[in-house]
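As structure tokens, the structure follows; a few thoughts come after it.
Counting from 1, the numbers follow the sequence of the chain as shown. Computation of the quantities below employed the complete heavy-atom set of this structure, encompassing side-chain atoms and omitting hydrogens, waters and symmetry-equivalent molecules. Start at 1 and go down the list; that is how both ligands and their atoms are numbered.
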Amino acid sequence: MTTVETKVRQVQHFINGNYEASSDQQTFEVKNPATQEVIAVVSEATEQDVEKVCEVAREAFENGPWRTMTVAERCAKIRRMAEIILERKEEIARLEASDVGKPYSHAVAGEVPRAAHNLKFFADFMEQQGGETYPMEDAYINYTRYEPVGVAGLITPWNAPFMLTTWKLGPCLAAGNTAVIKPAEMTPLSVSLLGEIAKEAGIPDGVVNIIHGKGSVVGTAITKNTDIDLISFTGSTATGKAIMRNGADSLKKFAFELGGKAANIIFEDADLDKAVPVSIQAAFLNSGQVCLAGSRILVQRSILDTFIEKYKAAAEALVVGDPQVAETKMGPLVSEEHFEKVKSYLEIAKEEGATLITGGSTPELAPHLKEGYYLQPTIYLHENPKARICQEEIFGPVVTIIPFDTEEEALQIANDTQYGLNGVVWTENLKRAHRISHGVRAGTIWVNCWFVRDLRAPFGGFKKSGIGREGGHHSLEFFSEAKNICIALN
Ligand SMILES: NC(=O)C1=CN([C@@H]2O[C@H](COP(=O)(O)OP(=O)(O)OC[C@H]3O[C@@H](n4cnc5c(N)ncnc54)[C@H](O)[C@@H]3O)[C@@H](O)[C@H]2O)C=CC1
Ligand SMILES: O=C(O)/C=C/C=C(\O)C(=O)O
């Protein structure tokens, strides 16, 4: 029995407090990746629509009440958004499951509550902010204020649409900016609800705006628009580069959280009872469509056979199926195009001489899922860390085990990548844990755990994994302009 939603939704832009169609009435369809059913018809913006939404957000910033209202009043409204999200969490999680294909159980217990927390956290955090003061003997005193930057373009990806949009919207609003949100065209459903949620929470019209359409058209138009002062983007490294090029003429501020190819390093003294299940999560959560995925598992050779035996059994035990069903641990890939991209790596692995440990084809599925974009959890073993499957971000349920002998070799392999978003280390040796954590060139290192998030901590990537940091005061600084005021005391 499937609980997959069959109603076709109409999704429109949210501009100045109202949902509306595109000026030319163009739309595009969105499909459920588990079944290929059409689940939504979405308005597709023209460049003129983008101009309009940016003007609305600019007007709301310059002349609306948002940036000048008290921080307490602003933050109360943001906290109310968080409450509404929790009140509607089942509905939002159902949408995320039918749009992205991620298990409902994960969305309802993990990502949607985290989305509410993103908003509440930044509202609370903003209220605690102070500033700096620098007295110059008894002659002058300097003090700083943090003021909003202006209009923010928030361009978000398809893998965790609702959670990742609120991760940007929280600090953007708390700091007093207005927003033009551009959700990924493949997964716009949950994010489109943020318009009505903002309105119900009492956020003034024009502060939160949402515009739908292709990245190449709508994303580019937002990036080039002179009413937009800054862009916060999460997505692929290639798109990050395009945004930087297109935003250069208008000299925008950028925060980029881009791709990854994290090393998950398992030393011979690791507690495998913990390392194996967490490394399964790290590889196959959201079908591996996670920028933080531990998709290169570096295993010390002395425990290679034991690790492979346990890891293979755990991967084969994962329930792959209907994202709407409680038992499902892994759903489909997000789209046909992405499915084909991920499958192309199975051919590449064959050509590169990788050893297939398990997976590599479509799983046995219930009849209603036969058209879905499903792939088994797939594990390869490869001795060559330079192979493409060890270097490129596959963004699917495909993981490669790479053996190593010494600590130095592990570090060398871990750092032999263009990416540097995160790394994972499994060892019971405290000194080694520190040594490896210091040696891996990445923005977050998890020791004996993975994807544990404290929203105060800096989050972002080294190398091609990003520019800048999000989290705590890092986010607020990005969404603020610091102003120094110097006062003569005599
Ligand atoms: N969180 C992450 O790190 C993510 C990484 N990826 C990686 O990127 C690969 C490609 O996925 P895509 O859907 O193509 O991701 P993408 O980076 O193209 O899409 C992310 C967002 O950027 C927008 N966008 C696309 N082109 C744009 C442009 N020129 N200007 C402004 N905005 C633009 C999209 O509409 C979407 O809202 C994946 O296979 C995966 O490897 C994709 C999504 C998220
Ligand atoms: O926890 C965060 O703030 C960010 C998580 C990012 C992803 O899940 C992703 O982009 O894949």
Side-chain angles (χ1 to χ4, degrees), residues 28 44-45 50 100 102 106 110-111 114-115 117-118 121 153-168 170-171 180-188 191 210-225 228 231-247 252 254 256-262 282 285-293 295 333-335 337-342 344-345 392-396 398 419 421-422 443-444 446 450-461 464-466 469-472 474-475:
F28 62 95
E44 179 164 13
V50 174
V100 184
K102 72 174 61 216
H106 173 59
E111 283 190 11
R114 163 71 195 279
H117 184 50
N118 285 340
F121 168 82
L154 310 180
I155 303 181
T156 54
W158 45 259
N159 57 334
F162 198 72
M163 193 282 274
L164 287 171
T165 302
T166 55
W167 172 237
K168 300 179 186 307
V180 173
I181 299 170
K182 199 312 243 161
E185 53 270 43
M186 270 188 286
T187 58
V191 174
I210 305 166
I211 187 105
H212 301 283
K214 291 193 187 76
S216 54
V217 178
V218 175
T220 302
I222 291 172
T223 308
K224 290 185 171 172
N225 191 285
I228 300 281
I231 302 272
S232 177
F233 168 72
T234 298
S236 64
T237 301
T239 302
K241 289 180 190 174
I243 290 176
M244 188 160 242
R245 277 193 297 272
N246 290 329
K252 291 179 168 53
F254 297 112
F256 289 166
E257 199 257 276
L258 307 175
K261 188 77 180 176
L285 183 76
N286 203 21
S287 306
Q289 300 166 126
V290 177
C291 57
L292 303 161
S295 49
L333 290 154
V334 72
S335 68
E337 189 188 348
H338 190 57
F339 185 48
E340 293 305 324
K341 178 193 147 183
V342 172
S344 75
Y345 281 95
E392 295 174 18
E393 185 181 42
I394 300 174
F395 225 61
V398 180
Y419 296 112
L421 189 57
N422 62 298
T444 299
W446 280 294
W450 176 74
F451 211 160
V452 176
R453 295 281 287 109
D454 180 331
L455 304 192
R456 295 168 298 182
F459 182 84
K464 300 286 189 296
S465 287
R469 292 292 179 274
E470 297 180 298
H474 302 274
S475 289

Report task. Verify the neighbour count for atom CZ of Arg456: are there more than 12 heavy atoms of other residues, nucleotides or ligands below 6.0 Å? Result -> no

Report task. Using non-hydrogen atoms of the residue, decide whether Pro183 is closer than 4.0 angstrom to ligand 1. Result -> yes

Requested in this report: Identify, for atom 28 (C) of ligand 1, the protein heavy atom at the shortest distance, and state residue, atom and that distance.
Outcome: Gly215 O, 3.5 Å

Query - Residue and atom name of the nearest protein heavy atom (relative to atom 34 (C) of ligand 1), distance in Å to one decimal - result: Glu185 OE1, 3.6 Å

Query raised in the report: Does any N/O atom on Thr156 come nearer than 3.5 Å to any N/O atom on ligand 1?
Result: yes

Query raised in the report: Just by distance, with hydrogens left out, do Thr166 and Asn118 show a side-chain donor and acceptor under 3.5 Å apart?
Result: yes

Report summary line: The closest protein heavy-atom partner of atom 8 (O) of ligand 2 is Phe451 CZ, 3.8 Å

Report summary line: In ligand 2, the atoms that come under 4.0 Å of a heavy atom of Arg453 are 1 (O), 2 (C), 3 (O)

Report summary line: shortest atom 22 (O) of ligand 1-to-protein heavy-atom contact is with Phe233 CE1, 3.2 Å

Query raised in the report: With side chains defined as the heavy atoms from C-beta onward, is the minimum distance between His474 and Phe459 less than 4.5 Å?
Result: no

Query raised in the report: Is the closest protein non-hydrogen atom to atom 19 (O) of ligand 1 under 4.0 Å?
Result: no

Query raised in the report: Which of the atoms in ligand 2, numbered in the order shown and given with their element, are less than 4.0 Å from a heavy-atom of Val290?
Result: 8 (O), 11 (O)

Report summary line: Under 4.0 Å from one or more heavy atoms of Glu257, ligand 2 contributes atoms 6 (C), 10 (O)

Query raised in the report: For ligand 1, is there an N or O atom under 3.5 Å from any N or O atom of Ser236?
Result: yes

Requested in this report: Taking only heavy atoms of Leu164 into account, list the atoms of ligand 2 that are under 4.0 Å away from them.
Outcome: 4 (C), 5 (C), 6 (C), 9 (C), 10 (O)

Query raised in the report: Just heavy atoms, cut-off under 4.0 Å: does Cys291 contact ligand 2 by side chain, backbone, both, or neither?
Result: both

**Report entry** Taking atom 12 (P) of ligand 1 as the reference point, the nearest protein heavy atom with its distance
**Finding:** Trp158 NE1, 3.6 Å

**Report entry** Part of Asn286 with heavy atoms under 4.0 Å of ligand 2, whether side chain, backbone, both or neither
**Finding:** neither

Query raised in the report: How are the rings of Phe254 and Phe256 set relative to one another: parallel (under 30°), tilted (30 to 60°) or perpendicular (over 60°)?
Result: tilted

Query raised in the report: Can you list the ligand 2 atoms lying under 4.0 Å from a non-hydrogen atom of Arg114?
Result: 1 (O), 2 (C), 3 (O)

Query raised in the report: For ligand 1, is any non-hydrogen atom under 4.0 Å from Lys341's backbone (N, CA, C, O), its side chain (CB onward), both, or neither?
Result: side chain

Query - Between CZ on residue Arg453 and CZ on residue Phe121, distance to nearest 0.5 Å - result: 9.5 Å

Requested in this report: If you have a sec, work out which protein heavy atom is nearest atom 4 (C) of ligand 1 and how many Å separate them, to one decimal?
Outcome: Phe395 CZ, 3.4 Å

Query raised in the report: Looking at atom 29 (N) of ligand 1, what's its closest protein heavy atom, distance included?
Result: Thr220 OG1, 3.6 Å

**Report entry** Test item: side-chain donor near acceptor, Lys464 and Thr237, under 3.5 Å
**Finding:** no

**Report entry** Short side-chain to backbone donor-acceptor contact, Asn159 and Asn286, under 3.5 Å
**Finding:** no

Query raised in the report: Which residue owns the protein heavy atom closest to atom 4 (C) of ligand 2, what's the atom, and how far is it?
Result: Phe459 CZ, 3.5 Å

Query raised in the report: Got a second to check how far Trp446's CH2 is from Leu292's CG, nearest 0.5 Å?
Result: 4.5 Å

Query - Residue, atom name and distance, where the atom is the protein heavy atom closest to atom 23 (C) of ligand 1 - result: Ile155 CG2, 3.7 Å

Requested in this report: Using distance alone, decide if ligand 1 has a nitrogen or oxygen within less than 3.5 Å of any nitrogen or oxygen in Glu393.
Outcome: yes

Query raised in the report: Hey, looking at atom 43 (C) of ligand 1, which of Gly240, Gly219, Pro157 has the closest heavy atom?
Result: Pro157

Query raised in the report: Is Thr239 close to ligand 1, meaning an N/O of one under 3.5 Å from an N/O of the other?
Result: yes

Query raised in the report: Relative to the heavy atoms of Asn159, which atoms of ligand 2 are at a distance of less than 4.0 Å?
Result: 9 (C), 10 (O), 11 (O)

Report task. Specify the protein heavy atom at minimum distance from atom 2 (C) of ligand 1: its residue, its atom name, and the distance to 0.1 Å. Result -> Cys291 CB, 3.6 Å

Query raised in the report: Is there at least one pair of N or O atoms, one from Lys182 and one from ligand 1, spaced under 3.5 Å apart?
Result: yes

Query raised in the report: Around Lys341, counting heavy atoms of other residues, nucleotides and ligands shown, do more than 12 lie under 6.0 Å from its NZ?
Result: yes

